[in-house]
Amino acid sequence: MIIPKHIAIIMDGNGRWAKAKGKARTAGHQAGAETLREIVKTAAELGVKVLTVYAFSTENWKRPKMEVDFIMNLFGVYLTRELPEFHTNNVKVRFIGKRDGLSAGVLQKMDKVLQETSKNTGIILNLAINYGGKEEIVQAAQKIASDVVAGKIVVKDIDEKLYENYLYTEGLPMPDLLIRTGGDFRISNFLLWQIAYAEIWTTETYWPDFTSDLLKQAIADFNNRERRFGGLGD
Ligand code: IPE
Ligand code: IPE
Ligand code: MG
C-alpha cells in the first residue's frame, strides 16, 4: 500500500454535526478538535509526511462574531493542550495563511508551537488558519514583484518552480490526496495552486465523526486511482 506523502483535509461539517445533536455549533468545533488529535496521531503512525488541515478560511470571518471568537479561542486552547502530544508523536507544526487579522494572543501561541516543535523530525502538521488560496497566490505575486523591483530576480526567472517558493507551502511536496468531510463537493478556496493533480476523496461523514478507519479507507481508495498527470499512464 502506497502511503500518500502529503494529505490535505477540508475538515467540514462541525456545525451540522452539532445541530443534528441539538447542540450549539461551537460544540461541533470543540468535537472537531478532538478528531484532529486522533487523525494527526494516525497519520503519523502511517508514515504520512505532511498533513495539511483547513481550520479557518479567509471567508470564515463572515460568520457571527461569537462563533469566530470561539474558534479563535479554540486555536489557542488546542495549540497549548496539544504541545506534549506533538512531542510524543514527533510532530513538527507549521502554519499557512495570512497572519494579518489574527489576534496577538493567537499569533503568540502559534509562534510558540512553531518554535517548540521545530526540531521534531516526524510528520509535518500544516495548520491552515486564516488561509485562502486566492490570497496566497496574490501575496506571492506581491512578493515576487517586490523582489523584481529590488533587483533580486528578473521577470524571466519567474516560472512555476520559483512561484512555488513564494507560496505558504514553500518546501513542501504537493498534496497527493485531498479529503473533504461533510458531504460537499467543492474546494472552498483551499490550496488552489497545490491541488492541481491531487486525488479527491469525499465522505458524507461530518468532521467530528471522522475516524482513523475512514482515513485508512481514503488511503486504500487512493491506491486504486490511476494518476496520469496529463499523460497516458502506463
Ligand atoms: C468546518 O465546519 C469548520 C470551519 C469552517 C471553521 P463548519 O463550521 O463549516 O460546519 P458546517 O459545514 O456548517 O456543518
Ligand atoms: C471550508 O469550509 C473551510 C474550512 C473547513 C475551514 P466552509 O464551511 O467554510 O466551506 P463552504 O462555505 O461550505 O464552502
Ligand atoms: Mg462548512
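When a ligand or atom number is given, it counts from 1 through the structure's own listing order.
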For ligand 2, does Lys62 get within less than 4.0 Å through its side chain, its backbone, both, or neither, judged by non-hydrogen atoms? neither

For ligand 2, which part of Glu59 has a heavy atom less than 4.0 Å away: the side chain, the backbone, both, or neither? neither

Ligand-side contact atoms (ligand 1) for residue partner [X], heavy atom cut-off under 4.0 Å:
{"X": "Arg16", "answer": "11 (P), 12 (O), 14 (O)"}
{"X": "Arg63", "answer": "4 (C), 5 (C), 7 (P), 8 (O), 9 (O)"}
{"X": "Met11", "answer": "1 (C), 2 (O), 3 (C)"}
{"X": "Ala55", "answer": "6 (C)"}
{"X": "Ile71", "answer": "6 (C)"}

Evaluate Ile96 against Thr169 for side-chain contact (heavy atoms from CB on, under 4.5 Å), listing each step before the verdict. CA-CA 7 Å; Ile96 58 171; Thr169 49; 4.3 Å; yes

Which atoms of ligand 2 are found less than 4.0 Å from any heavy atom of Phe56? 6 (C)

Among the N, O or S atoms of Asp12, the one nearest the Mg ion (ligand 3): OD1

Any side-chain donor-acceptor pair under 3.5 Å between Glu135 and Tyr168?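 Checked: Glu135/Tyr168 side chains pair up, N/O donor to acceptor below 3.5 Å.
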
Verify, without hydrogens or angle tests, whether Arg225 (side chain) and Ile200 (backbone) share a donor-acceptor contact under 3.5 angstrom.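 Confirmed, Arg225 side chain pairs with Ile200 backbone.
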
Donor-acceptor contact present, side-chain Thr117 to main-chain Asn120, <3.5 Å: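 No, because the side chain of Thr117 does not come within donor-acceptor range (under 3.5 Å) of the backbone of Asn120.
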
Could you tell me whether atom 2 (O) of ligand 2 has at least one protein heavy atom nearer than 4.0 Å?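 Protein heavy atom within 4.0 Å of atom 2 (O) of ligand 2: present.
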
For ligand 2, which is the ligand I care about here, please tell me if [X] has any N or O atom under 3.5 Å from one of the ligand's N or O atoms.
{"X": "Ser188", "answer": "yes"}
{"X": "Tyr54", "answer": "no"}
{"X": "Asp184", "answer": "no"}

Provide, to 0.1 Å, the distance between atom 10 (O) of ligand 1 and the closest protein heavy atom, together with that atom's residue and name. Gly15 N, 2.9 Å

Which heavy atom of the protein is the closest neighbour of atom 13 (O) of ligand 2, given with residue, atom name and distance?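 Residue, atom and distance for the closest contact: Arg186 NH2, 2.8 Å.
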
Taking distance alone, with no angle check, do Asn60 and ligand 1 share an N/O pair under 3.5 Å? no

In terms of relative ring orientation, are Tyr54 and Tyr131 parallel, tilted or perpendicular, with 30° and 60° separating the classes? perpendicular

